[in-house]
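Single-structure report; data block below.
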Amino acid sequence: MNSYVEHANIAVINVRKTVDFLMAAIPEWTIRGQGKYEDSSGHDVEWFHVGTDDSYLALASNGKGQAPDWQTNYTGVKHVGIAVPDLESLEKRLEEVGYLLDHRGADHPYRKNAYYMEDHNLQFEFIEYLSQRPSEKNDYSL
């Protein structure tokens with residue numbers, strides 16, 4: 001087995017809004033688990049694991065404030081990149097529920113990507129690979 005990213009843990013304020021964003025973008029994902037717990041400060045935290053059987057995003061409602069703008073300098077996650085089979089369909093689904101494209105990545109013959117800002121100012125990059133050959137899809141020289 002090769003190592004891979006199994007999950008990322010992300011705190012937000014309105015966890016259900018983030019779940020709705022991800023489920024609109026990627027309807028084949030499922031809610032693998034969900035629940036509530038009380039944190040060490042006595043606050044109720046709602047959590048969801050959203051993704052596939054092999055990888056997911058762990059989302060929890062114990063966030064505070066907005067994420068910094070991705071264009072500023074800070075230590076932390078700038079965006080989460082998710083490979084998808086059909087970028088055009090994803091864009092239509094997100095537009096239907098009110099999310100506008102933030103920007104596109106550079107033109108590349110073997111991949112297309114689009115960036116969206118989620119309600120907590122979190123940036124998600126969605127990538128459609130047009131080749132499965134690693135030398136092409138992972139080409140950064142262009």
Side-chain angles (χ1 to χ4, degrees), residues 1-106 108 110-142:
M1 179 187 105
N2 290 326
S3 299
Y4 64 96
V5 176
E6 195 243 3
H7 75 275
N9 190 316
I10 302 172
V12 296
I13 297 169
N14 185 340
V15 70
R16 290 180 182 268
K17 191 82 168 156
T18 305
V19 169
D20 290 345
F21 169 81
L22 290 168
M23 298 301 284
I26 310 168
E28 67 269 20
W29 276 13
T30 62
I31 297 172
R32 294 173 29 146
Q34 69 185 88
K36 292 184 180 183
Y37 66 90
E38 186 177 302
D39 69 12
S40 60
S41 301
H43 299 105
D44 290 332
V45 177
E46 187 174 18
W47 63 270
F48 291 84
H49 288 180
V50 179
T52 68
D53 289 340
D54 298 314
S55 68
Y56 63 96
L57 295 177
L59 306 167
S61 66
N62 56 344
K64 191 173 189 180
Q66 293 281 87
D69 184 277
W70 67 273
Q71 296 178 347
T72 62
N73 293 326
Y74 65 92
T75 300
V77 176
K78 294 286 189 167
H79 67 257
V80 175
I82 301 170
V84 298
D86 182 356
L87 187 60
E88 187 177 327
S89 294
L90 178 141
E91 291 174 335
K92 287 178 184 174
R93 288 191 301 273
L94 286 179
E95 185 177 344
E96 287 173 3
V97 295
Y99 289 96
L100 301 177
L101 175 72
D102 184 66
H103 68 281
R104 293 194 185 286
H108 194 282
Y110 303 114
R111 63 178 175 262
K112 300 186 291 188
N113 52 352
Y115 296 80
Y116 283 83
M117 303 305 294
E118 181 271 346
D119 293 313
H120 298 89
N121 207 39
L122 297 172
Q123 184 182 76
F124 287 86
E125 175 188 7
F126 299 102
I127 310 108
E128 178 182 351
Y129 288 104
L130 307 174
S131 170
Q132 292 307 308
R133 294 178 63 188
S135 64
E136 293 176 342
K137 74 179 202 172
N138 299 330
D139 176 23
Y140 300 102
S141 66
L142 302 175

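The chain is numbered in sequence order, starting from 1. Scope of the values below: all heavy atoms of this structure, side chains included, with no hydrogens, waters or symmetry mates.
- Proximity of a side-chain donor or acceptor of N121 to a complementary backbone N or O of Q66 within less than 3.5 Å is not detected.
- One finds no salt bridge joining K78 and E125 here, because no Lys/Arg side-chain nitrogen approaches an Asp/Glu carboxylate oxygen to under 4.0 Å.
- Side chains of Y74 and D69: no donor on one and acceptor on the other come within 3.5 Å.
- The residues E96 and K92 are annotated as not salt-bridged, no charged nitrogen and carboxylate oxygen being separated by less than 4.0 angstrom.
- Inter-residue side-chain proximity for F124 and E118 is flagged as met; some heavy-atom pair is nearer than 4.5 Å.
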Take V97 and D20 through the side-chain contact (heavy atoms from CB on, under 4.5 Å) test and state the conclusion after the steps.
CA-CA 9 Å; V97 295; D20 290 345; over 6 Å; no
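- Using a 4.0 Å cut-off between charged nitrogen and carboxylate oxygen, E46 and R16 count as a salt-bridge pair.
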side-chain contact (heavy atoms from CB on, under 4.5 Å) between V77 and I10: does it pass, once the steps are laid out?
CA-CA 10 Å; V77 176; I10 302 172; over 6 Å; no
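- Looking at H120, its side chain does come within 3.5 Å of a backbone N or O of N14 through a donor-acceptor pair.
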Under the criterion side-chain contact (heavy atoms from CB on, under 4.5 Å), I'd like the reasoning laid out for Q123 against Q71: C-alpha separation, chi angles, the key distance, then a yes or no.
CA-CA 11 Å; Q123 184 182 76; Q71 296 178 347; over 6 Å; no
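- A 4.5 Å side-chain heavy-atom check between H43 and N62 finds every atom pair outside the cut-off.
- In this structure, Y115 and W70 have parallel ring planes: the angle between them is below the 30° cut-off, well short of the 60° mark.
- Checking R111, K112, K137 one by one against E128, the salt bridge (charged side-chain N to carboxylate O under 4.0 Å, His left out) holds for a single residue, K112.
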Given the rule in the side-chain contact (heavy atoms from CB on, under 4.5 Å) test, do D44 and K36 qualify, once you have shown the distances and angles that lead to the verdict?
CA-CA 7 Å; D44 290 332; K36 292 184 180 183; 5.8 Å; no
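- With a 4.5 Å cut-off on side-chain heavy atoms, Y116 and E91 count as touching.
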